[in-house]
Amino acid sequence: MNVRNWIPAMLLALFFTSCSNDMPSPTPKGEGETIVFATSIPNPEGSTGSVYLQAIPNLNPARYDNKNAIPTGFAATPIALPDGDIYSLPAYSGSSKAEVVRYRLDAQNRFVSKGALTLPAGSGASCIVKLNAQKAYLTLQSLGLIYVFNPETMTLIKTIDLNKLSHADTKVSPAAMIIRDGYLYVGLSQFDSKWQPRENKVEIALINTAKDELERVIVNETLGVSVPTRPTDAKSIFMDEQQDIYINCISAFGADPKYHPAGIIRIKKGTHEIDTTYCIRLDQTKVVGLSVDYADYLPAVLYAGQGKLYAYANAYALDTQSKNPYTTLSRVPVVIDLRARTIERIEGFPVSAPFGEAIGLHKGLVVFGSANKEHNGFYTYDPASKKVAGPVVSVEGYPSFFYSFAK
C-alpha cells in the first residue's frame with residue numbers, strides 16, 4: 001500500500017508544527033545557552049496523543065525523559081521567540097483547553113505562566129508572529145480568522161476575518177505569517193474537506209499592520225505550486241539578508257499527482273508581487289545524493305543565512321513497503337542553495353519517520369530531531385566541517401520541536 005494514500009488522514013497529526021517570527025532582539029537575561037524542546041507521543045491511531053515541553057541548560061550529551069516537562073497541545077507544537085516568550089497552543093484537534101498560554105523561564109529553567117488568551121473551541125490555533133511588545137498576530141486555521149492580541153496582557157485587540165476569501169470548494173485557512181515593512185504576509189492554505197488543494201494556485205493575504213485590515217490578496221497561477229507555507233510552520237515563510245521573502249509551498253503533501261508540485265517561491269524586497277522568474281520546483285529539481293532523485297515536499301525548513309536553507313525532504317519512494325504512516329522512513333535532511341537553486345542530501349543522517357522533524361540552530365550548528373530505526377533524539381550538523389554527530393541528546397518520544405537561545 002502506498003503511503004501517499006494515507007495523507008489526508010495524517011495531516012492533523014503529522015504536518016502541523018509551531019510558528020514564530022525570528023525577531024532581532026537580545027537573548028533573555030539569565031537564559032544563556034538554554035534550549036527548549038518538545039517531544040510528541042502519538043496514540044496508535046496517530047490523530048491524538050501527548051506533547052511534552054521542557055527546557056535544558058545546554059546540548060551536552062544526555063538522555064531526557066518527560067518527568068520535568070509540562071504538557072502542551074498535540075499537533076500544535078510550542079512557539080519560542082528570541083525575546084524569551086514561549087507559547088503553548090491548544091491541541092489542534094480541539095481536545096484540550098482552548099487557550100494560548102504565554103510562559104517565561106525562571107533562573108532554574110522552570111516555566112512560569114504570564115497569562116492566557118482564551119480561544120473559541122476547535123479554532124485550530126497555529127501560528128504567532130510578534131510586531132512589538134503590545135501587538136502580535138495569531139492564525140486560527142479552522143475558523144478562517146486572525147486574532148490581533150496584546151502579548152504582554154494576553155488580551156484580544158481585534159479579529160480579522162478572512163472567510164470571504166474562501167473558494168466554493170475550499171475553505172481559507174490562514175497559515176504561517178511574516179512581517180515586513182509594515183505589512184503582514186499570510187499564507188492561505190485553501191484546503192478542501194480532505195485537506196487537499198483544488199488548484200495549482202498561490203494566494204497570500206496582505207494585511208496593513210497600522211490598520212490591521214486586509215489590503216489585498218497576492219495571487220500567482222503560473223508557477224505550478226500551491227498551498228503557500230506549511231500550515232503552522234513559521235519557518236516556511238522567511239526573509240534573507242536582502243529582505244526578500246521566500247515561501248515553502250507544500251501543495252498536496254505529495255498525495256495527489258494533479259497538485260503534486262511543491263516548491264519554493266519568493267517576493268522580492270520592495271514589491272508585493274510573487275516573483276514569476278523564481279521557483280525551485282521539487283518535481284524538476286533532483287536531490288543530489290538521494291537514491292530516488294526527487295522529493296515530494298519539504299515538511300520542515302530553517303533558513304540559516306548566506307542563501308542556505310536547511311530542511312527535511314520527504315520522499316515516499318524511500319519506503320514504499322511501509323504499512324504504518326506514522327513510522328514510514330521517508331524523511332532526510334537536506335541543504336538547499338536558494339541562489340544556485342540546488343538541493344543536496346546531507347550525508348551521515350539516518351532516515352527519519354514523521355513527528356521527528358525538528359530543525360534548529362545552536363552555536364553555529366544545525367540541529368535536526370530524528371526518529372529513526374535506532375534512536376529518537378537530536379543530531380547536529382556543522383556546516384563548516386560538514387560533520388554529523390549524534391544523537392547528541394536522546395529523548396523519550398519523537399523530537400518534534402527545538403529552539404536554542406544561544407547564539
If you measure only the distance, is there a donor-acceptor pair under 3.5 Å linking the side chains of [X] and [Y]?
X	Y	answer
Thr229	Asn248	no
Ser88	Thr72	yes
Asn43	Thr48	yes
Tyr64	Glu396	no
Asp337	Thr342	no
Asn314	Ser330	yes
Glu203	Gln190	yes
Asn372	Tyr379	yes

May I ask you to decide if the ring planes of [X] and [Y] are parallel, tilted or perpendicular, using 30° and 60° as cut-offs?
X	Y	value
Tyr297	Phe253	perpendicular
Phe74	Phe355	tilted
Phe238	Tyr246	parallel

Of all the heavy-atom pairs spanning [X] and [Y], show the shortest one and how long it is.
X	Y	value
Ala125	Leu89	O-CD2, 3.4 Å
Ala262	Cys249	CB-O, 3.2 Å
Ser189	Pro231	OG-CG, 3.7 Å
Pro90	Lys97	CB-O, 3.2 Å
Pro333	Phe368	CB-CE2, 3.6 Å
Glu99	Ala116	OE1-CB, 3.6 Å

Side chains of [X] and [Y]: closer than 4.5 Å at any heavy-atom pair?
X	Y	value
Val287	Asp293	no
Lys130	Pro151	yes
Ser50	Pro71	no
Ile204	Leu188	no
Ile35	Phe402	yes
Leu318	Ser291	yes
Leu338	Tyr303	yes
Asn208	Tyr183	yes

If you round to the nearest 0.5 Å, how far is CG of Asn220 from CD1 of Ile218?
->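 These two atoms lie 10.5 Å from each other.
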Please check if the side chain of Asp181 supplies one atom and the backbone of Gly270 the other of a donor-acceptor pair under 3.5 Å.
->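 Checked: no pair found.
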Look at the side chain of Gln141 and the backbone N and O of Pro174, then say whether any donor-acceptor pair between them is shorter than 3.5 Å.
->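 It does hold such a pair.
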Candidate pair Thr139 and Ser126, rule side-chain hydrogen bond (donor to acceptor under 3.5 Å, both in side chains), full reasoning = CA-CA 6 Å; Thr139 47; Ser126 57; 2.8 Å; yes
Check ion pair [X]-[Y] (N to O, under 4.0 angstrom):
X	Y	answer
Asp240	Arg266	no
Asp212	Lys158	no
Asp283	Arg281	yes
Lys114	Asp85	no
Arg216	Glu273	yes
Asp169	Arg198	yes

Are Tyr147 and Tyr137 close enough that their ring centres sit under 6.0 Å apart?
->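 Between Tyr137 and Tyr147, which both carry aromatic rings, the centre distance is not below 6.0 Å.
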Is the centre of the Tyr403 ring less than 6.0 Å from the centre of the Phe401 ring?
->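 Distance test on ring centres: not under 6.0 Å, no.
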Derivation and outcome, side-chain hydrogen bond (donor to acceptor under 3.5 Å, both in side chains), residues Asn376 and Ser370 | CA-CA 6 Å; Asn376 284 2; Ser370 179; over 6 Å; no
Would Thr159 and Asp161 count as a side-chain hydrogen bond (donor to acceptor under 3.5 Å, both in side chains) if you check the C-alpha gap in whole Å, the side-chain angles of each, and the deciding distance to 0.1 Å?
-> CA-CA 6 Å; Thr159 299; Asp161 191 336; over 6 Å; no
Going through the distances and angles, do Gln284 and Tyr294 end up as a side chain to side chain contact (heavy atoms under 4.5 Å, CB included)?
-> CA-CA 8 Å; Gln284 298 174 354; Tyr294 298 100; 5.6 Å; no
Could you go step by step and tell me if His272 and Glu215 meet the side-chain hydrogen bond (donor to acceptor under 3.5 Å, both in side chains) rule?
-> CA-CA 11 Å; His272 295 319; Glu215 191 159 297; 5.3 Å; no
Run the salt bridge (Lys or Arg N to Asp or Glu O under 4.0 Å) check on Lys194 and Asp192 step by step: do they pass?
-> CA-CA 5 Å; Lys194 296 182 179 179; Asp192 64 15; over 6 Å; no
